[in-house]
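Just so it is clear, the structure is predicted and the values come from calculations on it, not from any experiment. All values below come from the heavy atoms of this structure, side chains included, with hydrogens, waters and symmetry mates left out.
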Amino acid sequence: MTLTGHSLACKRGENLIFSEINFSVIPGSICFVKGPNGSGKSTLLRLLAGLLGTAEGLLTLDEIDITNDREIRAEKFLYLGHQNVLKQHLTVREQISFWQGITKKCYDFETDPMNVQPILNKKLHQCSEGQGRRVALARLTIEMKKFWLLDEPTASLDTANIQLFKSILEDHCSNGGSAVIATHDNIGIKPSSDIHLSLDKSSLQRNNPFI
Amino acid sequence: MHKNSRSLWEFANPKRFVSIANKLIPWLTICTVLSMSVGIFWGVFFTPNDYRQGAAVKIIYIHVPSAFLAINIYIMMLIASVIWLIRRHHVSLLAAKAAAPIGLTMTLVAILTGAIWGKPIWGTYWAWDPRMTSFAILLMFYIGYISIWSAMEYNEKVGDLSALLCIIGSIFALLSRYAVIFWNQGLHQGASMSLDKEENISNVFYLPLLVCLLGFVSLFFTLLLIRTRTEIRIKRTTSLLRMN
Amino acid sequence: MIDFGKYTWTIISAYGGASMLIIILLIMTILKSRKVNKELLVVEQKKSIDAQDD
Amino acid sequence: MNPLLYILSYEIKASTAGRSLFLSTSFFIIVVLTANISMNQFGIRADKNSVSILWIALAMSALLSINMIFQNDYDDGTLDWFMLSPISLETIVILKAVAHWVTTCLPMMLLTPIVCVSMGINFNSSLWILLVMMIGTPAISFISTIGSALTLGERANHLLLPIFILPTFLPILVFGIKISMLVTNSVYDSMAFLIMLAISLFCIAITPFITAIIIKVHYT
């Protein structure tokens, strides 16, 4: 399955965040979103996930238009933003069993790809930032979606844990999955394509009725 | 929209709105000053006293128009909010925002004059009669609407939220009103301004009251135009500044 | 001069209170309008100077 | 198990683990007791006609926990996850409101018969009051979701919430207080019960849609 964006644009109010974004993600490949801070990397990922509306352009999955299709996205995409989607007062075990229950799939405690075993009985607010991020990434291996949309997945992870993340990413790709990742860290994987965003604001506010 | 199309939506263009408002404001001001002074002078000095209430009836010339405006301004805000939600015209949203403080003032005027009037006639400043309760409810929803604008910075999101708040407010204001009416039928007299005026209020009071009403309505429109123009200018200033 | 019998003060206070509230609204409206207009003029002038420089 | 039940139990677990349950019920008791004690000091006896205190305390404690409904989810990304899940947002709102009812209104209601003793209301009447609360409180929970959704992301302005949410409780409060007062005086107005039920159901019917629209506004 190939995910393709055809001249995507996003608006916030009258402000144009970006426009003319073209890319294509083939199965088993990884695409990095590059650009300076404030160029709209998070916005692009949220737009791909379906949290923001597309102002212009098309998003297709194998030639099928999914720009406004909520169901297909829910089925194929997994979005992980800056926040970890974890409840502060629950233990890691409760959190994981909730995901298992809702997706009817299991986390592989045998191999334990994100090394959550030692912190299973800790509550989330007792965990460090990096431990929380590890639990959040563990969800990726539970939900088993085709496309991962990850925003700074390795933020606050140390080198050892970045290696863990790299291995689940490689696993995911070898199973025919693909990922769109916005990151500043060097994960050590060579992307098959890049999306470059620039900080060009010249096209800003072209439709403002007040000017 | 086509440049030469003649429709109501022309006002939706902020620039056009400002230029039309600039032309209208002086005329409306004259209309307001004239009709308000004529109406109030006529009413206060050249009408006889009511046979039951005596001279106290003269308060009617501010009480009824302000109460009329208080309710209708909320309805106007409701319509403007719906227009914003459906057609996304900024002027409509800004007009709703601009109208709210006027509505609040009118509600306060209606409550104040009503209380002062009520003391000699009913023997109390305030009674929890359904109509007075309705105004108390209206006051609360005006305050809620204004507070959402004052608490957040202007953007489309806040515009949507305030428009939704206005709609939700009117649903719950109506519900509360009928909940109150269910439990007590009050001492307020019926509407003074209904179509069959003969029943409610005699001609002597009715004509000056109409002139006062005209005065208050044009006062509202003058203030509304000035305030909306101000809001548009604020928006324009911030947009220009952000372009740099 | 103004005499409405026992209701004189009632009427004067009603009219006085009402006109005070309305005048407060009026003054606030006009002051804000003037302030905003001034700011806008400054910004617009700056804009047109910038445009000439380009 | 059905995924909806999973989410519901997860919600209940998450909010009870955060101790908001304990806080809002203790707030309820404190308000009722403070009102009773201070009234008795000034020579007015807190008797069965002061039943309105119960309702005001209930509304206030519900208010206290309102911003927990969506704000936490918004902060930790769970709301994003709900938005992207195949379950419709309206359903999520209903689940949220039910969870809010179970964790805040239900404990307060269970305490009501005990608190009623302090106001000299007999046990029979307090059961009737419980029934009226049973009708009214779900609507309060549902309306609360509107307020919670409206102030999403506005961290500094929690004062904003009571300003426009408390007035929307009015229809429920007017009926709840009046019926409770009649009931303590052994007057049973079945018409009023039915109308209150109608108002309550009406609020429950419209709020999920309104709240869903408001949440979507935050995402455009």
Side-chain angles (χ1 to χ4, degrees), chain B residues 74 77 81-82 84-86 88 93 100 104 107 128-130 132-186, chain D residues 136 139-140 142-143 145-179 181-182 189 191-196 198-203 205-207 209-220:
Chain B
Y74 199 90
M77 278 161 54
S81 301
V82 172
W84 157 252
L85 285 179
I86 295 172
R88 316 297 293 180
L93 177 66
L104 181 67
T107 316
W128 286 106
D129 145 279
M132 299 168 85
T133 315
S134 307
F135 270 82
I137 294 167
L138 195 63
L139 184 71
M140 289 197 289
F141 283 101
Y142 270 125
I143 292 174
Y145 183 84
I146 294 172
S147 63
I148 198 172
W149 274 115
S150 60
M152 306 180 192
E153 208 171 308
Y154 180 92
N155 55 39
E156 293 209 352
K157 193 176 94 179
V158 180
D160 284 346
L161 292 183
S162 68
L164 284 168
L165 184 71
C166 187
I167 296 168
I168 298 162
S170 38
I171 296 172
F172 281 97
L174 272 182
L175 262 185
S176 316
R177 185 186 142 80
Y178 287 107
V180 170
I181 286 178
F182 178 85
W183 289 108
N184 44 3
Q185 272 72 35
Chain D
I140 286 186
F142 271 82
I143 297 169
T145 60
I146 295 181
S148 187
L150 268 174
T151 47
L152 266 190
E154 301 298 322
R155 309 187 123 272
N157 296 306
H158 284 330
L159 208 61
L160 203 60
L161 205 69
I163 293 180
F164 48 67
I165 279 306
L166 216 43
T168 56
F169 288 165
L170 258 181
I172 300 291
L173 288 184
V174 167
F175 267 83
I177 292 174
K178 202 83 175 201
I179 298 177
M181 271 170 114
L182 290 180
D189 187 343
M191 183 71 176
F193 269 102
L194 287 178
I195 292 180
M196 184 171 176
I199 292 179
S200 182
L201 288 177
F202 174 73
C203 294
I206 58 168
T207 44
F209 299 101
I210 295 175
T211 312
I213 292 172
I214 295 173
I215 292 175
K216 280 174 194 155
V217 165
H218 285 279
Y219 278 93
T220 45

- prompt: Can you say whether Ile206(D) sits under 4.5 Å from chain B via the side chain, the backbone, both, or neither, judging by heavy atoms?
  reply: side chain

- request: Check whether Ala192(D) gets within reach of chain B through its side chain, its backbone, both or neither, counting any heavy atom under 4.5 Å.
  value: both

message: Report which part of Leu175(B) has an atom under 4.5 Å of a heavy atom belonging to chain D: side chain, backbone, both, or neither.
response: both

message: Taking side chain as everything from C-beta outward and backbone as N, CA, C, O, which of these in Ile148(B) sits under 4.5 Å from a heavy atom of chain D? Side chain, backbone, both or neither.
response: both

query: Side chain, backbone, both or neither: which part of Ile214(D) has a non-hydrogen atom closer than 4.5 Å to chain B?
result: both

- prompt: At what distance, to the nearest 0.5 angstrom, does CG of Asp160(B) lie from CD1 of Ile213(D)?
  reply: 10.5 Å

message: So for Leu161(B), is it side chain, backbone, both, or neither that comes closer than 4.5 Å to the heavy atoms of chain D?
response: both

Between CE on residue Met196(D) and CZ on residue Phe182(B), distance to nearest 0.5 Å: 12.0 Å

statement: With sequence neighbours left out, the residues meeting side chain to side chain contact (heavy atoms under 4.5 Å, CB included) with Ala136(B) are Trp126(B), Trp128(B)

Distance-only check: which donor-acceptor pairs under 3.5 Å involve side-chain atoms of residues 160-171 of chain D, not counting sequence neighbours?
unit_1, atom_1, unit_2, atom_2, d
Thr168(D), OG1, Ile165(D), O, 2.5

Side chain to side chain, Tyr178(B) and Ile195(D), heavy atoms closer than 4.5 Å: no

statement: Most heavy-atom pairs under 4.5 Å with chain B, out of Val217(D), Val174(D), Ile199(D), belong to Val217(D)

message: Need one label for Ile215(D): side chain, backbone, both or neither, based on atoms under 4.5 Å from any heavy atom in chain B.
response: neither

statement: Rounding to 0.5 Å, atoms CD1 (Ile168(B)) and CG (Leu150(D)) come to a distance of 5.5 Å

- request: Answer with side chain, backbone, both or neither: which region of Ile146(D) has an atom nearer than 4.5 Å to a non-hydrogen atom of chain B?
  value: side chain

- request: Could you look at Tyr145(B) and say if it's the side chain, the backbone, both or neither that has a heavy atom under 4.5 Å from chain D?
  value: neither

- prompt: With chain D, which of Gly169(B), Ser150(B), Gly144(B) has the greatest number of heavy-atom pairs at distances under 4.5 Å?
  reply: Gly144(B)

